[in-house]
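Structure first, then comments.
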Amino acid sequence: MDFASKIRDVVDFPKPGIVFKDITPLLQDPRAFQTAVDVIADRHVGSKLDAIVAVESRGFIIGSALAYKLGCSLVVVRKAGKLPAKTISTRYALEYGEDELHIHEDALQPGQKVLIADDLLATGGTVRATGQLIRQLGATPVEAVFLVELNGLGGRELVNDIPCFSLMSFDVEE
Ligand SMILES: O=P(O)(O)OC[C@H]1O[C@H](OP(=O)(O)OP(=O)(O)O)[C@H](O)[C@@H]1O
Ligand SMILES: Nc1ncnc2[nH]cnc12
């Protein structure tokens with residue numbers, strides 16, 4: 001399956017100088033979306049995961065499909081002010097800004113093994129922050145999975161303590 005042909009480049013979004021990798025054409029193609037989820041899920045069939053931790057907002061799309069397919073619980077990591085109960089949080093840098101991520105403090109139990117799901121790995125700030133929240137709750141991120149990885153922004157290096165798998169990658173200049 002040629003997944004890369006289903007990703008659209010949008011130049012200067014959300015800021016001048018950023019080439020935004022738009023996953024919506026892939027999502028709109030039923031066979032491409034289904035195959036993408038299957039390829040990622042197949043890596044973890046039988047691996048006794050406790051939860052998929054999906055990152056707001058595009059991570060919810062792939063994360064919820066994986067949780068359904070693998071029969072694990074779905075835990076959401078959200079931006080500030082979105083989760084209703086008591087949370088722990090961390091601030092982090094993105095390719096185009098800075099943000100804050102939260103997780104409910106009772107979302108994971110010590111010793112649980114989880115998979116982080118997001119649509120895209122760029123600088124790695126989001127996944128590193130998510131890994132920190134997971135570890136603060138005593139759980140372990142066994143892998144982080146993505147549809148798209150941007151090579152050249154140092155993402156994989158930044159999250160060097162969590163193995164990363166991406167379905168496709170693109171070279172970008174820093
Ligand atoms: O590797 P990084 O440099 O951290 O960038 C990757 C993150 O950036 C995007 O999220 P964004 O915060 O734009 O939120 P969205 O999914 O709600 O659009 C993307 O969905 C990843 O979560
Ligand atoms: N270039 C990019 N395209 C889409 N999502 C992103 N998240 C961070 N950088 C991105």
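Every number for a ligand or one of its atoms is a count from 1 in the order of the listing. Sequential numbering from 1 along the given sequence is applied to the chain's residues.
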* Contact residues of ligand 1 with a heavy-atom cut-off of under 4.0 Å? -> Glu56, Ser57, Arg58, Lys79, Leu94, Glu95, Tyr96, Asp118, Asp119, Leu120, Leu121, Ala122, Thr123, Gly124, Gly125, Thr126
* To do: Examine distances only and state if a side-chain atom of Arg156 and a backbone atom of Cys164 form a donor-acceptor pair shorter than 3.5 Å.
  => yes
* If only atom types and distance count, is the side chain of His104 paired as donor or acceptor with the main-chain N or O of Ala85 below 3.5 Å? -> yes
Could you list the donor-acceptor pairs under 3.5 angstrom formed by side chains in residues 25-37, with sequence neighbours left out?
{"residue": "Asp29", "atom": "OD1", "partner": "Arg31", "partner atom": "N", "Å": "3.1"}
{"residue": "Asp29", "atom": "OD1", "partner": "Ala32", "partner atom": "N", "Å": "3.1"}
{"residue": "Asp29", "atom": "OD2", "partner": "Lys6", "partner atom": "NZ", "Å": "2.9"}
{"residue": "Thr35", "atom": "OG1", "partner": "Arg31", "partner atom": "O", "Å": "2.6"}

* To do: Would you name the heavy atoms of Ile162 and Pro141 that are closest together and state the gap between them?
  => CD1-CG, 3.9 Å
* Residues which pass salt bridge (charged side-chain N to carboxylate O under 4.0 Å, His left out) with Asp9, listed by chain and number, not counting sequence neighbours -> Lys21
One pair per line, please: each N/O atom of ligand 2 matched with every protein N/O atom under 3.5 Å away, atom names first, then the distance to 0.1 Å.
{"residue": "ligand 2", "atom": "1 (N)", "partner": "Val19", "partner atom": "O", "Å": "3.0"}
{"residue": "ligand 2", "atom": "1 (N)", "partner": "Glu95", "partner atom": "OE1", "Å": "3.0"}
{"residue": "ligand 2", "atom": "3 (N)", "partner": "Lys21", "partner atom": "N", "Å": "2.9"}
{"residue": "ligand 2", "atom": "5 (N)", "partner": "Arg58", "partner atom": "NH1", "Å": "3.0"}
{"residue": "ligand 2", "atom": "7 (N)", "partner": "Tyr96", "partner atom": "OH", "Å": "3.2"}
{"residue": "ligand 2", "atom": "9 (N)", "partner": "Glu95", "partner atom": "OE1", "Å": "2.4"}

* Asked: In Å and rounded to the nearest 0.5 Å, what is the CG to CD1 distance from Leu101 to Ile88?
  -> 11.0 Å
* Find the distance between CG (Leu153) and CZ (Phe170) and round it off to the nearest 0.5 Å. => 13.0 Å
* To do: Check whether the side chains of Glu149 and Ser166 place a donor and an acceptor atom closer than 3.5 Å, and report yes or no.
  => yes
* May I ask you to check if Arg128 and Tyr92 form a cation-pi contact, with NZ or CZ under 6.0 angstrom from the six-membered ring centre and within 45° of the axis? => no
